[in-house]
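In what follows, a structure is listed as structure tokens, so that the remarks can point back to it.
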Amino acid sequence: MSNEHGNLIKSPKQLIIMVFVSFFVPLIIILLLMVFVNNGKRADSAASADQIIKPVAQLNFKDASEPTAPASNAK
């Protein structure tokens, strides 16, 4: 029984190919994920930016000197 391990990369050409593959495959996967996510959001692009932001940015101001009704403690 031998305890030696064989190398997966046996030539410089295989090394160069593996370096390029290990660099470009993750980039391609990230690019495809970005396209997938952006296409999902474009279905809602009919709504304008004002309609999307309005519920978040809307402020309701009240006059501080206006009297308020006392809270009723009904049981």
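One-based numbering along the sequence shown.
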Linked, directly or transitively: Ile9 and Val19 (ILVMFWY side chains, under 4.5 Å): yes
Distance in Å, Ile30 CD1 paired with Leu27 CG, rounded so as to fall on 0.5 Å steps: 6.0 Å
In one Ile/Leu/Val/Met/Phe/Trp/Tyr side-chain cluster, 4.5 Å: Ile16, Phe24: yes
Nearest-0.5 Å distance that lies between atom CD1 in Ile28 and atom CZ in Phe23: 10.5 Å
Atom pair CE (Met34) and CD1 (Ile29), whose distance is rounded to the nearest 0.5 Å: 14.0 Å
Hydrophobic cluster identity match, Leu15 and Leu8, side-chain contacts under 4.5 Å: no
